[in-house]
Asker: 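Can you keep this structure in mind? I'll have questions shortly.
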Amino acid sequence: MEGQGSGDQSMAKLTYFNGRGLGESVRFMLAAAGVPFTESFMTEKEQIEKLRTDGKLTFMQLPLLEIDGLCLVQSRSIVRYLARKHGMDGKTPEEKARVDILTEGGRDFLTYFYPLGFLSDEETLAKIKTKALPRYLPIFGKILSASSSGYLVGDSLTYADMILLEALLNTEEFLPGSLNDFPKLQEFKDKISSLPQIKAFLEGPQRKPKNTPEYVATVKRVLDM
Ligand SMILES: N[C@@H](CCC(=O)N[C@@H](CS)C(=O)NCC(=O)O)C(=O)O
């Protein structure tokens with residue numbers, strides 16, 4: 001089923017489910033880079049099977065981003081491609097390494113949220129509260145306290161900022177009040193969320209809601225889980 005968008009073949013096209021999952025970081029990055037995109041949502045097993053037999057899915061998995069004549073898979077690689085192409089991956093080799101490190105740390109943080117809706121929410125939230133927040137909030141808070149630009153690295157937006165934003169929005173959504181003792185993280189979240197292209201995305205139809213039972217059922221059906 002085709003999602004929003006004009007259907008213009010030259011436009012980037014994201015194939016995933018109509019929900020967050022691993023597709024959401026790709027959406028955040030497309031938004032940050034100001035790249036308009038259409039979406040194709042998987043609802044039936046046959047659709048992913050066709051993509052597999054068409055050779056579009058290198059490892060037989062989603063998400064898939066068709067862009068610039070390429071079929072990109074592996075969500076982290078997709079995000080890096082967009083970051084490199086749009087100058088959001090750091091300016092020097094040292095900055096690039098730092099951006100990469102903070103992105104991977106941010107991704108580890110974000111990964112704690114993925115089971116929500118799929119496994120016991122009570123257990124998932126308990127793990128986030130006892131393991132993820134005590135580790136990642138102070139570390140990212142400290143890094144931002146030392147930043148004069150308000151960005152994680154250097155003086156402009158990078159993909160590390162986008163991963164952290166996604167994790168912080170989840171934190172606030174699922175465990176409200178958790179950022180109260182971290183003014184720098186709140187400031188950061190507000191600053192990045194207010195950038196015009198990101199604000200438009202967050203308030204628009206391509207930002208997905210938290211996992212619904214219907215979304216979870218669709219993913220399980222399509223992937224035979
Ligand atoms: N490392 C991959 C993991 C992709 C992945 O596990 N995708 C799931 C959907 S969220 C999938 O397609 N699973 C089907 C399968 O593994 O056969 C990435 O980050 O893109």
Side-chain angles (χ1 to χ4, degrees), residues 1-89 99-100 103-104 106-108 110-111 113-118 158-160 162-163 165-167 169-170 197-198 200-202 204-212 214-225:
M1 184 179 92
E2 291 299 314
Q4 307 92 359
S6 67
D8 175 356
Q9 291 310 297
S10 64
M11 211 186 239
K13 178 174 153 190
L14 176 66
T15 301
Y16 194 65
F17 299 94
N18 188 10
R20 292 181 184 173
L22 294 175
E24 200 67 350
S25 303
V26 176
R27 295 183 187 103
F28 268 55
M29 202 53 212
L30 286 162
V35 177
F37 61 102
T38 61
E39 294 190 75
S40 175
F41 301 133
M42 298 291 99
T43 55
E44 306 302 331
K45 260 191 254 185
E46 294 69 30
Q47 294 170 299
I48 190 167
E49 276 314 324
K50 175 151 182 8
L51 291 169
R52 285 169 173 153
T53 49
D54 285 352
K56 288 194 171 183
L57 305 183
T58 311
F59 295 103
M60 309 295 150
Q61 295 173 316
L62 298 170
L64 163 70
L65 183 70
E66 293 173 80
I67 188 169
D68 303 333
L70 303 167
C71 284
L72 301 180
V73 294
Q74 288 292 349
S75 56
R76 294 170 188 222
S77 307
I78 299 172
V79 164
R80 279 197 190 91
Y81 172 84
L82 292 167
R84 286 188 193 118
K85 191 168 173 211
H86 295 274
M88 296 169 67
D89 62 333
V99 171
D100 209 15
T103 301
E104 290 305 315
R107 182 71 87 155
D108 290 344
L110 191 55
T111 300
F113 293 89
Y114 290 144
L116 287 168
F118 286 88
T158 66
Y159 65 112
M162 294 313 294
I163 292 286
L165 175 66
E166 194 184 343
L169 290 175
N170 281 352
Q197 75 278 27
I198 296 167
F201 163 72
L202 291 175
Q206 290 187 303
R207 165 67 164 149
K208 301 296 178 268
K210 58 173 134 179
N211 296 348
T212 60
E214 295 72 34
Y215 163 75
V216 172
T218 303
V219 173
K220 288 185 170 173
R221 186 177 67 249
V222 172
L223 298 183
D224 263 336
M225 286 166 77

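No hydrogens, no waters, no symmetry mates; every other heavy atom, side chains included, goes into these values. Along the sequence shown, residues carry numbers from 1.
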Asker: Mind checking whether Val216 and Lys220 have side chains closer than 4.5 Å, heavy atoms only?
Answerer: yes

Asker: Which heavy atom in Pro63 sits nearest to a heavy atom in Ser75, and how many Å separate them?
Answerer: CG-CB, 3.9 Å

Asker: Please give me the minimum heavy-atom distance between Ile48 and Met42, naming the atom from each residue.
Answerer: N-SD, 3.8 Å

Asker: Going by side chain to side chain contact (heavy atoms under 4.5 Å, CB included), name the residues that satisfy it together with Pro115, two or more places apart in sequence or in a different chain.
Answerer: Leu119, Thr124

Asker: Please tell me if the side chains of Arg20 and Phe113 come closer than 4.5 Å, counting only heavy atoms from C-beta onward.
Answerer: no

Asker: If you measure from CE on Met60 to OG1 on Thr53, what distance do you get to the nearest 0.5 Å?
Answerer: 9.0 Å

Asker: Kindly say whether Ala32 contributes a backbone atom to a donor-acceptor pair with the side chain of Gln197 at under 3.5 angstrom?
Answerer: yes

Asker: Can you tell if the side chain of Asn170 reaches within under 4.5 Å of the side chain of Leu116, non-hydrogen atoms only?
Answerer: no

Asker: Let me confirm one number: the NZ-CZ distance from Lys208 to Arg27, rounded to the nearest 0.5 Å.
Answerer: 4.5 Å

Asker: Can you check side chain to side chain contact (heavy atoms under 4.5 Å, CB included) on His86 and Val35, steps first, answer last?
Answerer: CA-CA 10 Å; His86 295 274; Val35 177; 3.5 Å; yes

Asker: If you take all heavy atoms of Phe28 and Met162, which pair is closest and at what distance?
Answerer: O-CE, 3.5 Å

Asker: Backbone N or O of Phe41 within a donor-acceptor pair of the Asn18 side chain at under 3.5 Å?
Answerer: no

Asker: I would like to know whether Arg107 and Ser25 meet side chain to side chain contact (heavy atoms under 4.5 Å, CB included); could you show each step before the answer?
Answerer: CA-CA 9 Å; Arg107 182 71 87 155; Ser25 303; 3.6 Å; yes

Asker: Walk me through it: do Val26 and Leu72 pass the test side chain to side chain contact (heavy atoms under 4.5 Å, CB included)?
Answerer: CA-CA 11 Å; Val26 176; Leu72 301 180; over 6 Å; no

Asker: Please report the shortest heavy-atom distance between Thr43 and Thr218, naming the atom on each side.
Answerer: CA-CG2, 3.9 Å

Asker: With sequence neighbours excluded, what pairs up with Lys56 under the side-chain hydrogen bond (donor to acceptor under 3.5 Å, both in side chains) test?
Answerer: Glu66

Asker: Nearest 0.5 Å, what's the CZ-CG distance between Arg76 and Asp100?
Answerer: 9.5 Å

Asker: Are Asp68 and Tyr81 side-chain neighbours, meaning at least one heavy-atom pair lies under 4.5 Å?
Answerer: yes

Asker: Are any non-hydrogen side-chain atoms of Gln47 and Val222 less than 4.5 angstrom apart?
Answerer: no

Asker: For the residue pair Asp89 and Arg84, what are the closest heavy atoms and their distance?
Answerer: OD2-CG, 3.3 Å

Asker: What distance separates Ile163 CD1 from Glu104 CD, expressed to the nearest 0.5 Å?
Answerer: 8.5 Å

Asker: For a quick test of reading the model, state the closest non-hydrogen atom pair linking Tyr16 to Leu22 and the distance between them.
Answerer: OH-N, 2.8 Å

Asker: About how many Å separate CG of Leu14 and CG of Leu64, when rounded to the nearest 0.5 Å?
Answerer: 7.5 Å

Asker: Taking the six-membered ring for Trp, are Phe201 and Phe37 parallel (under 30°), tilted (30 to 60°) or perpendicular (over 60°)?
Answerer: tilted

Asker: Flag yes if more than 12 heavy atoms outside Lys210 fall under 6.0 Å of its NZ atom; otherwise flag no.
Answerer: yes

Asker: Going through the checks in order, is the side chain to side chain contact (heavy atoms under 4.5 Å, CB included) test met by Met225 and Val219?
Answerer: CA-CA 8 Å; Met225 286 166 77; Val219 173; 3.9 Å; yes

Asker: Measure the OG1-CG distance between Thr15 and Leu57 for me, rounded to the nearest 0.5 Å.
Answerer: 8.0 Å

Asker: Is a donor on one side and an acceptor on the other found under 3.5 Å between the side chain of Tyr159 and the backbone of Met29?
Answerer: no

